[in-house]
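Accompanying notes for the structure given below.
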Amino acid sequence: DFEKFLYMGQVMQGDAIKIAVEAHRRNMPFCQGSLYWQHNDCWPAASGWAMIDYYACPKPSYYAFKRCAKQLMATISESDGKLVMHICNDSLASVQGSASLYIYNVETGEERSIAEIKFAIGENSSKNVFECQYESLKDTMCEKDIILCDLYSTLGEDRAMLIPRR
């Protein structure tokens with residue numbers, strides 16, 4: 001089915017943009033952002049780099065980038081055998097809040113808490129607010145489980161997601 005293939009390619013492009021932008025923002029001050037080339041398609045095309053198609057309709061990657069461009073963003077990543085949660089604050093004000101990190105089963109809707117986190121982060125900065133051993137956590141997960149983080153703060157809300165590598 002060509003339409004499904006095309007759509008899934010665009011979804012994968014959104015995932016790639018999400019992974020890159022989150023990594024760049026997490027690494028403040030060593031990286032202060034991303035420059036995205038080719039915002040819109042200049043002619044009708046089945047696919048391409050652009051987030052907006054020739055007819056000015058957003059592709060799935062537009063929505064992935066829109067979330068990653070928020071002033072306050074939570075990220076979940078795997079690093080050196082650890083599950084790591086960062087909060088990135090691009091605003092000019094300090095932010096305080098809380099976050100719930102949990103395992104969510106997409107089939108049953110069951111939630112299993114990993115941690116409840118309180119945080120304070122300065123203006124224009126990124127901070128590691130939580131980490132734990134990831135391998136032991138992965139051993140308790142099934143193939144329908146993902147990791148979610150719900151963040152609530154004085155600047156707003158965000159949700160981060162990590163789909164574990166199988």
Side-chain angles (χ1 to χ4, degrees), residues 7-36 51 58-166:
Y7 177 74
M8 291 310 295
Q10 292 175 352
V11 169
M12 288 180 64
Q13 177 194 16
D15 283 346
I17 288 169
K18 172 189 172 290
I19 290 165
V21 172
E22 284 183 354
H24 296 158
R25 290 191 61 196
R26 243 191 331 265
N27 288 313
M28 275 194 243
F30 304 105
C31 179
Q32 288 297 113
S34 306
L35 176 63
Y36 191 83
M51 291 187 279
K59 295 180 183 179
S61 58
Y62 169 84
Y63 300 102
F65 185 78
K66 182 178 177 181
R67 184 209 157 253
C68 292
K70 289 169 56 173
Q71 282 188 324
L72 185 71
M73 177 186 73
T75 72
I76 311 167
S77 60
E78 302 173 48
S79 180
D80 299 324
K82 295 181 180 181
L83 178 71
V84 182
M85 183 183 148
H86 279 83
I87 297 175
C88 306
N89 176 16
D90 281 341
S91 77
L92 298 178
S94 296
V95 177
Q96 296 178 348
S98 63
S100 298
L101 189 62
Y102 57 98
I103 298 169
Y104 178 79
N105 185 290
V106 297
E107 195 170 76
T108 66
E110 176 190 359
E111 297 179 6
R112 297 187 329 258
S113 179
I114 299 171
E116 296 294 324
I117 302 148
K118 300 275 188 205
F119 66 88
I121 182 170
E123 67 275 357
N124 202 28
S125 62
S126 177
K127 184 177 184 181
N128 175 343
V129 295
F130 177 82
E131 61 182 53
C132 68
Q133 290 301 317
Y134 189 50
E135 289 305 316
S136 58
L137 186 64
K138 272 176 68 170
D139 291 341
T140 69
M141 297 172 66
C142 73
E143 67 180 28
K144 300 289 184 177
D145 287 341
I146 62 173
I147 299 172
L148 292 176
C149 170
D150 293 330
L151 178 135
Y152 306 96
S153 76
T154 52
L155 191 60
E157 300 176 0
D158 191 31
R159 172 173 273 178
M161 174 179 67
L162 177 69
I163 300 172
R165 289 184 228 160
R166 309 279 184 220

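Basis for what follows: all heavy atoms, side chains included, without hydrogens, waters or symmetry-related copies.
Looking only at side-chain heavy atoms (C-beta outward), Leu83 and Leu162 come within less than 4.5 Å of each other. Looking at Ile147 and Met141, their side chains come closer than 4.5 Å, going by heavy atoms from C-beta outward. Ser153 places a side-chain heavy atom less than 4.5 Å from the side chain of Leu72. With contacts defined as side-chain heavy-atom distances shorter than 4.5 Å, the pair Arg26/His86 qualifies. Residues Asp90 and Asn124 are in side-chain contact: their nearest non-hydrogen atoms beyond the backbone lie under 4.5 Å apart. A heavy-atom distance below 4.5 Å is not found between the side chains of Leu151 and Met73.
Across every non-hydrogen atom of Lys144 and Glu107, the tightest pair is CE-OE2, 3.5 Å.
When the shell of 6.0 Å around CG of Asp139 is examined, it contains more than 12 heavy atoms from other residues, nucleotides or ligands. Within 6.0 Å of CD on Gln96 lie no more than 12 heavy atoms contributed by other residues, nucleotides or ligands.
Judged by distance alone, the side chain of Asp150 and the main-chain N or O of Ser100 form no donor-acceptor pair under 3.5 Å. Arg25 places no side-chain N or O within 3.5 Å of a backbone atom of Ala20 that could act as its donor or acceptor partner. In terms of modelled atom types and a separation under 3.5 Å, the side chain of Asp145 and the main chain of Cys142 share a donor-acceptor contact. Ser79 contributes no side-chain N or O that, together with a main-chain N or O of Lys82, makes up a donor-acceptor pair within less than 3.5 Å.
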Can Ile103 and Thr140 be said to form a side-chain contact (heavy atoms from CB on, under 4.5 Å), step by step? CA-CA 10 Å; Ile103 298 169; Thr140 69; 4.2 Å; yes
